[in-house]
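The model shown is predicted, which means the values in this text are computed figures rather than measured ones.
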Amino acid sequence: NNHDPTEDDQDSALTAPVKPFATISKTPNNQEAHLRDNVSWTITVESTGTATLTDLYVRDTLPNYFEFVSTDSITLTGTGSRISTTEPSAGSTGNISWGIWTLDPGDILVIKCTANISTEAEPGTYTNLALVDSNEFDSVPDTADVIIPIPPVPRAIITKKVDSQEAKAGDNVSWTITVESTGTATL
């Protein structure tokens, strides 16, 4: 370009900006669980940007009283690849991850895993955090709650009444016994 308008050497090109990014979602198979139950989650990571993501990892932070049981399945749809095959070990607690990945735009990584709830867990809501991170962007989190309800408690009130306050030797006496369920569990 010599800035001579009589010559046809003016050229321009538009380029789309390169924007690497990924989304993550985490869903439990059942949002309500009890002590000693296994709870399964599905973690879905999608490369939604316009560039390849490198050194991508998915980290899951199990809540207190939850212990990792197994990776049920890992599915990668697209052209990306798994760089490191690190797997969480059964019995792990806290932070767990599934190796290092490269994801191309449009790739989808789905991890299904299971954890067990300790008998020491108290009733309440337990938040499970998953996040995806890469060299190309800051981490993106998602959470899923599991509710451990107050355990059902069987309770009853029993009353006994006699039909007559006075009786002589040899009289028949009738009793009425009433059982009322007052707890939160079926008797």
Side-chain angles (χ1 to χ4, degrees), residues 22-46 48 56-77 85-99 101 108-133 138-187:
T23 60
I24 187 169
S25 66
K26 181 168 189 168
T27 53
N29 69 330
N30 188 352
Q31 211 165 8
E32 187 173 291
H34 300 280
L35 304 180
R36 293 187 301 268
D37 279 357
N38 281 346
V39 179
S40 297
W41 284 278
T42 300
I43 302 168
T44 304
V45 176
E46 183 174 0
T48 57
L56 178 133
Y57 68 90
V58 178
R59 185 178 77 211
D60 187 61
T61 304
L62 294 174
N64 289 336
Y65 307 108
F66 284 66
E67 184 177 281
F68 182 77
V69 173
S70 65
T71 300
D72 304 323
S73 67
I74 297 177
T75 306
L76 175 61
T77 304
T85 57
T86 304
E87 292 278 340
S89 301
S92 297
T93 59
N95 292 328
I96 57 175
S97 65
W98 290 269
W101 299 80
I108 298 173
L109 174 63
V110 178
I111 300 169
K112 294 183 179 184
C113 61
T114 299
N116 184 266
I117 303 170
S118 165
T119 58
E120 298 172 6
E122 296 290 327
T125 300
Y126 289 81
T127 300
N128 186 221
L129 171 74
L131 64 82
V132 60
D133 202 352
D138 291 333
S139 63
V140 177
D142 191 33
T143 59
D145 290 340
V146 172
I147 299 166
I148 300 174
I150 296 171
V153 177
R155 186 175 300 136
I157 296 176
I158 301 171
T159 55
K160 181 178 172 184
K161 287 185 176 180
V162 66
D163 67 345
S164 174
Q165 294 294 336
E166 295 179 20
K168 296 182 262 165
D171 287 350
N172 288 330
V173 179
S174 297
W175 298 90
T176 301
I177 300 172
T178 305
V179 178
E180 179 185 0
S181 176
T182 61
T184 57
T186 303
L187 296 176

Could you list the donor-acceptor pairs under 3.5 angstrom formed between side-chain atoms of residues 162-169 and any protein atom two or more places apart in sequence or on another chain?
| unit_1 | atom_1 | unit_2 | atom_2 | d |
| --- | --- | --- | --- | --- |
| D163 | OD1 | S174 | N | 3.2 |
| D163 | OD2 | S174 | OG | 3.4 |
| S164 | OG | E166 | N | 3.3 |
| S164 | OG | E166 | O | 2.7 |

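- For the ring pair (Phe, Tyr, Trp, His ring centres under 6.0 Å) test, no residue two or more places apart in sequence or in another chain qualifies with Y57.
- Taking CZ from R36 and OG1 from T119, the interatomic distance works out to 6.5 Å, rounded to the nearest 0.5 Å.
- Using the six-membered ring where Trp is involved, Y65 and Y126 have ring planes that are perpendicular, over 60° apart on the 30 and 60° scheme.
- No more than 12 heavy-atom neighbours from other residues, nucleotides or ligands sit within 6.0 angstrom of CG on D138.
- Although no hydrogens or angles enter the test, the distance criterion places no donor-acceptor pair under 3.5 Å between the side chain of D142 and the main chain of A130.
- Separation of atoms CD1 (I43) and CZ (R59) is listed at 11.5 Å; rounding is to 0.5 Å.
- Between the side chains of T127 and D145, at least one donor-acceptor pair of N or O atoms lies under 3.5 Å.
- When all heavy atoms are compared, the tightest approach of L62 to A115 is CD2-CB, 4.1 Å.
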Report task. Could you go through the side chain to side chain contact (heavy atoms under 4.5 Å, CB included) check for F68 and S89 one step at a time? Result -> CA-CA 7 Å; F68 182 77; S89 301; 6.0 Å; no

Query raised in the report: side chain to side chain contact (heavy atoms under 4.5 Å, CB included) between V110 and I74: does it pass, once the steps are laid out?
Result: CA-CA 6 Å; V110 178; I74 297 177; over 6 Å; no

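- Atom OG1 of T125 sits about 4.5 Å away from atom CD1 of I147, to the nearest 0.5 Å.
- For the pair I108/T44, a side-chain contact is recorded, criterion being any heavy-atom separation below 4.5 Å from C-beta on.
- Contact detail for P28 and A144: the closest heavy-atom pair is CD-CB, 3.7 Å.
- In this structure, V39 and A33 approach most closely via the heavy-atom pair CG2-CB, 3.7 Å.
- With rounding to the nearest 0.5 angstrom, the CG atom of D37 is 9.5 Å from the CZ atom of F66.
- The side chain to side chain contact (heavy atoms under 4.5 Å, CB included) test with L109 is passed by exactly one of V58, T75, I24: V58.
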Requested in this report: Show your working on side chain to side chain contact (heavy atoms under 4.5 Å, CB included) between N38 and V69 and close with a plain yes or no.
Outcome: CA-CA 8 Å; N38 281 346; V69 173; 4.0 Å; yes

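- Closest approach of L35 to A121, counting heavy atoms only: CD2-O, 3.3 Å.
- For the residue pair T114 and D72, a side-chain donor N or O sits within less than 3.5 Å of a side-chain acceptor on the partner.
- Looking only at atom types and distance, the side chain of E87 has a donor-acceptor partner in the side chain of T71 under 3.5 Å away.
- Here the NE2-CD1 distance, from H34 to I117, works out to 9.0 Å after rounding to the nearest 0.5 Å.
- Annotation: side chain of L131 is not in contact with side chain of V140 (no heavy-atom distance under 4.5 Å).
- Here the straight-line distance linking atom CH2 of W175 with atom NZ of K161 works out to 12.5 Å at 0.5 Å rounding.
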